[in-house]
Amino acid sequence: MSKIQISLGEIAGRIGGEIINGRDDMLICAVAGLKDAKEGEISFLAHRRYLKDLDSTSASAVVIPRDISFERLPAVRVDNPYFAFSQLLHLFHDSPCAARGVDPGVFMGNNVHLGNDISIYPYVYIGDNAIIGDNVIIHPFAFIGNDTVIGNNSVIYSNVSVRERCRIGSRVIIHCGAVIGSDGFGYATHQGTHHKIPQVGGVIVEDDVEIGANTAIDRGTIGDTIIRKGTKIDNLIQIAHNVSIGENCLLAAQSGIAGSSKTGNYVIMAGQSGVVDHVNVGNKVIITAQSAATKDIQDGETVSGMPSMPHRNWLKAMAVFEDLPDIKKRVAELEKRLTDMEGKQ
Amino acid sequence: MSKIQISLGEIAGRIGGEIINGRDDMLICAVAGLKDAKEGEISFLAHRRYLKDLDSTSASAVVIPRDISFERLPAVRVDNPYFAFSQLLHLFHDSPCAARGVDPGVFMGNNVHLGNDISIYPYVYIGDNAIIGDNVIIHPFAFIGNDTVIGNNSVIYSNVSVRERCRIGSRVIIHCGAVIGSDGFGYATHQGTHHKIPQVGGVIVEDDVEIGANTAIDRGTIGDTIIRKGTKIDNLIQIAHNVSIGENCLLAAQSGIAGSSKTGNYVIMAGQSGVVDHVNVGNKVIITAQSAATKDIQDGETVSGMPSMPHRNWLKAMAVFEDLPDIKKRVAELEKRLTDMEGKQ
Amino acid sequence: MSKIQISLGEIAGRIGGEIINGRDDMLICAVAGLKDAKEGEISFLAHRRYLKDLDSTSASAVVIPRDISFERLPAVRVDNPYFAFSQLLHLFHDSPCAARGVDPGVFMGNNVHLGNDISIYPYVYIGDNAIIGDNVIIHPFAFIGNDTVIGNNSVIYSNVSVRERCRIGSRVIIHCGAVIGSDGFGYATHQGTHHKIPQVGGVIVEDDVEIGANTAIDRGTIGDTIIRKGTKIDNLIQIAHNVSIGENCLLAAQSGIAGSSKTGNYVIMAGQSGVVDHVNVGNKVIITAQSAATKDIQDGETVSGMPSMPHRNWLKAMAVFEDLPDIKKRVAELEKRLTDMEGKQ
């Protein structure tokens with residue numbers, strides 16, 4: 001895709017690295033994985049487990065950690081080669097494009113405030129009193145509700161709905177089909193009828209949050225659902241009403257958090273995991289795949305299973321799980337042998 | 001948000017309650033939770049577990065059940081304070097707005113029947129022969145297929161797709177991104193090829209149903225998928241072809257029901273739970289979080305686990321689960337001790 | 001719905017069957033299940049477990065396998081009655097409609113290539129350099145990104161997003177709300193900040209693939225996410241970046257595959273099942289409902305549980321699971337009895 005060439009010297013400068021075995025003016029045309037890289041391309045060693053791929057790569061240069069000795073190819077030494085990889089992808093693939101302005105096919109409500117250098121594609125709906133920050137990009141079929149704020153440099157992809165009175169921070173990315181501000185799932189059951197509880201709160205999405213495709217984040221009943229800064233949310237995730245998610249969390253696809261639960265910072269939820277309602281999940285907690293936090297979880301714990309238990313205990317128990325039929329049989333045999341012996345005494 | 005003030009007397013009248021410790025003309029400006037309420041606001045005691053919050057709330061008045069004695073603040077006694085809360089939210093937050101009619105930016109098929117006092121936003125597609133009831137609100141980027149019926153007072157949010165020949169009842173709410181009437185997942189595998197089985201049935205959504213964001217409800221293969229009246233469906237839920245869901249069920253987020261299964265009335269499915277295909281789930285059944293009903297379930301049962309078992313059995317077994325490695329070890333020790341003893345005899 | 005009548009002779013010809021007990025000129029007006037069929041309709045025996053329904057059906061004719069003897073009704077004998085059923089649904093329900101061309105309300109980018117006999121509904125966005133094949137149908141609010149290819153005879157339903165540089169094959173069906181080409185979930189964490197890794201790969205969807213409502217398929221980080229020919233993907237499924245799915249797989253609703261994992265051909269994933277990242281799943285593997293493949297799985301295996309184990313072992317262990325509290329109690333009793341006996345010696 002990229003047709004540009006960048007010198008190894010410029011690359012080293014951009015990623016804060018030191019060149020060994022090579023020359024500054026060597027030209028690089030792309031970045032690729034160790035196994036896929038071809039001549040003219042640069043690759044990287046993300047983890048020591050790929051050392052053998054480093055020895056056989058066809059790349060013309062590599063990015064390696066500072067503590068590896070390597071002589072076969074020109075290399076750039078850095079502290080964190082995986083981070084350097086992300087920087088290299090920006091270097092080779094970011095294509096600055098001029099703001100396209102507001103397409104005439106945009107429906108613009110009353111009293112909308114538009115920032116500078118925005119790009120709003122055709123077939124976008126922007127409600128009354130919305131505030132759209134500088135450099136914002138909004139793709140087709142996106143719905144921005146009344147009184148909603150989209151911060152500077154944020155990107156809203158196609159078919160996204162951000163309903164009324166939500167506040168989206170700066171540098172936020174919302175992927176196709178995501179829904180922000182849908183009604184929470186709340187009913188008061190009275191005489192056999194489920195009466196809808198009006199959901200009059202909002203959603204606050206802080207700076208540098210990313211929200212995946214077809215994810216749903218409900219508004220608060222009263223008060224707000226909050227996603228704090230730097231948190232990354234994958235596809236098809238459910239965030240219920242009045243949930244509060246801390247900073248810099250990573251939520252993998254198809255996980256879900258039920259109503260009014262709170263998480264600390266740097267929490268990791270693996271795929272298809274859950275948090276039940278009204279619990280507190282501490283800082284740096286990890287909830288493993290298909291598991292659920294069913295009670296408060298202390299800082300730093302890794303939990304697994306449903307109901308949740310310390311990951312180590314779960315691992316040990318699951319290691320024995322397949323032996324269950326054998327254990328049951330052995331217990332019956334023991335009972336028989338013991339009864340026989342008791343009879344003999 | 002609300003700037004109105006409502007007297008305690010009017011509040012008591014609306015929620016059918018009796019004022020104690022206070023005056024009818026006391027003015028209330030908002031409703032809030034016990035912990036969040038401020039001066040001038042009214043709060044409510046939803047459950048006895050929050051009695052201590054009642055004692056410390058800064059609210060100016062509270063709604064309490066009839067059987068609580070409480071003297072610190074003006075209070076309104078009702079049968080069901082949580083239901084009163086939902087009524088209060090309507091009282092303070094419902095803003096009647098005039099129907100906006102049909103925006104010129106709506107695509108209208110042939111022979112569409114439009115009810116009175118409807119609000120159809122720009123960028124809505126309405127197919128041929130569709131029938132739109134009175135007071136219906138349809139938000140941008142909603143697709144209404146040919147021959148589909150939307151009943152009176154229903155609300156269709158943005159980016160919703162209701163495909164052809166579906167029948168949506170009255171007072172139905174369909175949240176952003178939901179899909180009604182997608183093809184069921186049916187194939188006839190013949191000589192190694194999966195041949196699509198045309199899905200020619202429809203979907204019937206009865207009155208007072210609510211359908212969450214990004215939920216998918218497939219049409220029947222032949223015959224209809226049915227959601228009966230009063231049932232509430234949360235976000236990101238899968239309802240497969242020819243499923244029949246009873247009245248007044250509550251399905252929490254990310255749950256799913258496979259093809260041709262049926263549920264009775266007042267069934268509760270917790271988050272991330274499932275029902276396998278071709279089973280019957282009785283009335284008032286509860287399927288707990290991350291569990292699956294893998295066979296027919298009798299009326300009134302609560303089931304857990306996968307495969308499903310009585311909740312009580314599951315709880316007891318899970319309480320012992322972490323002991324599995326210890327149990328295995330103890331069995332081995334018993335065997336050794338018994339063998340030793342047998343050797344001595 | 002269908003008002004047509006088709007002779008039994010024509011039906012037999014179309015499904016490659018042989019008529020017994022009946023006449024070629026008998027007229028059939030619809031196809032229905034054994035229990036639902038009425039006079040004038042034809043039904044089918046999909047499985048021997050429905051033999052008693054065959055004896056009581058009110059259908060006027062039935063499709064049966066060649067090895068069944070049956071005399072009560074006119075019948076058509078075929079190799080695979082369920083496949084014949086799918087053919088009959090096409091016969092009675094397919095309504096050829098003329099291509100509607102490109103609606104004036106379509107936003108057409110620069111340098112788009114349009115095939116013959118296409119139908120593009122209003123409110124569709126087609127990006128620059130997109131290629132739309134012959135006979136393609138694109139419904140309202142579908143977004144087709146720059147440089148994306150849609151193969152011949154494919155159907156894109158409403159509110160679908162196919163982002164830039166994706167290649168969709170021929171005869172592909174993408175249901176409402178699905179997202180193809182969203183960014184993969186990749187971050188390089190450096191000094192406490194999660195830095196987004198640009199996702200510069202694409203998605204390749206081969207011929208005859210079907211993709212369900214609100215499913216999300218992420219683009220590759222570098223290189224492509226691939227769905228091979230004939231694979232059918234249900235609703236609300238997550239396919240992460242750089243996943244490769246083989247041919248003719250069946251993925252049921254709410255299942256998910258994490259980053260860089262690969263499957264062979266004819267893999268079946270049941271509802272709410274998963275595959276963790278970086279594993280290889282062999283040909284003809286079955287992953288049962290709510291289970292996860294947590295390591296490489298060999299060809300032909302059926303796995304269950306989390307972590308995954310052979311299905312047979314899982315079944316046996318789950319059959320004993322409810323006995324766990326009893327087993328623990330019996331072990332304690334054995335210990336007591338043995339200690340008593342040891343004391344007596």
Side-chain angles (χ1 to χ4, degrees), chain A residues 1-2 31-33 36 79-80 82-87 89-90 92-94 103 105 121-123 139-141 157-159 173 175-177 208 210 212-214 230 232 234-236 248 250 252-254 266 271-272 289-291 318 321-325 327-328 331 334-335 338 341-342 345, chain C residues 107 123 125 141 143 159-161 163 165 177-179 182-183 185-190 192-198 200 214-216 218 221-223 236-238 240 254 256 258 272 274 276 290 292 294 305-307 309 313-314 316-317 319-321 323-324 327 330-331 334 337-338 341 344:
Chain A
M1 286 153 283
S2 58
V31 55
D36 300 323
D79 292 334
N80 183 340
Y82 196 56
F83 175 51
F85 165 57
S86 74
Q87 295 172 300
L89 283 174
H90 282 294
F92 281 95
H93 292 278
D94 285 0
D103 191 277
Y121 283 76
Y123 306 135
H139 289 268
F141 317 122
Y157 279 99
S158 55
N159 285 304
I173 303 171
H175 287 284
C176 301
D208 298 300
E210 187 162 354
N214 285 339
K232 313 298 185 183
D234 201 352
N235 301 336
L236 292 163
N248 297 306
L250 297 173
Q254 297 177 317
Y266 290 101
Q272 301 181 335
Q290 295 192 338
S291 300
M318 284 309 300
F321 177 77
E322 280 182 76
D323 299 334
L324 252 182
I327 291 171
K328 184 180 178 182
V331 167
L334 280 167
E335 287 169 333
L338 195 57
M341 199 179 299
E342 285 167 340
Q345 289 192 321
Chain C
F107 180 94
Y123 306 134
Y125 179 97
F141 317 122
F143 172 88
N159 285 304
V160 163
S161 295
R163 276 182 47 190
R165 286 181 289 108
V179 175
S182 37
D183 283 0
F185 193 67
Y187 304 90
T189 303
H190 186 62
T193 300
H194 304 307
H195 296 271
K196 180 176 178 66
I197 296 174
V200 303
N214 285 340
T215 277
D218 283 346
T221 305
I222 36 180
L236 292 162
I237 286 175
Q238 155 74 355
Q254 297 177 316
Q272 301 181 333
V276 306
Q290 294 192 338
T294 49
M306 166 67 195
M309 61 194 79
N313 296 6
W314 176 83
K316 286 180 186 165
V320 177
F321 177 75
D323 300 334
L324 253 181
I327 291 172
R330 285 159 66 189
V331 167
L334 280 167
R337 284 165 63 188
L338 195 57
M341 199 179 300
K344 290 180 188 160

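Predicted, not measured: the structure shown is a model, and the values here were computed from it. The chains referred to below are lettered A, B, ... by the order of the sequence lines, with proteins before strands, and numbering in each begins at 1.
Annotation: maximal heavy-atom pairing with chain A below 4.5 Å, among C:Pro198, C:Ala319, C:Ala258, occurs at C:Pro198. Here A:Asp234 is the residue among A:Leu236, A:Leu250, A:Asp234 with the most heavy-atom pairs under 4.5 Å with chain C. Of the residues considered (C:Ala178, C:Gly192, C:Ser182), C:Gly192 shows the highest number of contacts with chain A, using heavy-atom pairs under 4.5 Å. Each of A:Val31, A:Asp103, A:Leu89 has some count of heavy-atom pairs under 4.5 Å with chain C, and the biggest count is that of A:Leu89. Heavy-atom pairs under 4.5 Å with chain C were tallied for A:Met318, A:Gln254, A:Gln87; the largest tally goes to A:Gln254. Your options are A:Ala253, A:Pro140, A:Ala213, and the one with the most heavy-atom pairs under 4.5 Å with chain C is A:Pro140. Contacts with chain A were tallied for C:Val276, C:Asp183, C:Ile327, C:Val331; C:Asp183 has the most, counting heavy-atom pairs under 4.5 Å.
The aromatic rings of A:His139 and A:Tyr157 lie parallel to each other, their planes meeting at an angle below 30°, with 60° marking the opposite boundary. C:Tyr125 and C:Phe107 have parallel rings, their planes meeting at less than 30° on a 0 to 90° scale where 60° marks the start of perpendicular.
Using a 4.5 Å cut-off between heavy atoms, A:Glu335 touches chain C through backbone and side chain atoms alike. Proximity to chain C (any heavy atom under 4.5 Å) is shown, for A:Phe83, by both the backbone and the side chain. Residue C:Thr294 does not touch chain A at all, counting heavy-atom pairs closer than 4.5 Å. Residue contact with chain C, scored on non-hydrogen atoms closer than 4.5 Å, involves the side chain of A:His175 exclusively. In this structure, the portion of C:Asp323 lying under 4.5 Å from any heavy atom of chain A is its side chain and not its backbone. For A:Asn248, the parts lying under 4.5 angstrom from a heavy atom of chain C are both the backbone and the side chain. At a 4.5 Å heavy-atom cutoff, the contact between A:Leu334 and chain C is made by backbone and side-chain atoms alike. Contacts of A:Tyr123 with chain C are made by side-chain atoms alone, with heavy-atom separations under 4.5 Å and no backbone atom involved. Heavy atoms closer than 4.5 Å to chain C are found nowhere in A:Asp208, neither backbone nor side chain. Residue C:Ile222 touches chain A through its side chain alone, counting heavy-atom pairs closer than 4.5 Å. The part of C:Leu324 that comes within reach of chain A is its side chain, from C-beta onward, which places non-hydrogen atoms under 4.5 angstrom from that chain.
Closest approach of C:Val320 and A:Lys328 over heavy atoms only: CG1-CD, 3.7 Å. Residues C:His194 and A:Gly230 share a closest heavy-atom pair of CD2-O, 3.8 Å. Closest approach of C:Gln290 and C:Gln272 over heavy atoms only: NE2-OE1, 2.8 Å.
C:Ile197 places a side-chain heavy atom less than 4.5 Å from the side chain of C:Thr221. You'll find the side chain of C:Asp218 reaches within 4.5 Å of the side chain of C:Gln238, heavy atoms only. In this structure, C:Tyr187 and A:Glu210 have side chains that are in contact, with non-hydrogen atoms separated by less than 4.5 Å. Considering only heavy atoms from C-beta on, A:Tyr82 stays 4.5 Å or farther from C:His190 through its side chain.
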Item to complete: Carefully, step by step, assess A:Asn214 and C:Asn214 under the rule side-chain contact (heavy atoms from CB on, under 4.5 Å).
Response: CA-CA 7 Å; A:Asn214 285 339; C:Asn214 285 340; 4.0 Å; yes

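Taking a 6.0 Å sphere around NZ of C:Lys316, one finds it holds 12 or fewer heavy atoms contributed by other residues, nucleotides or ligands.
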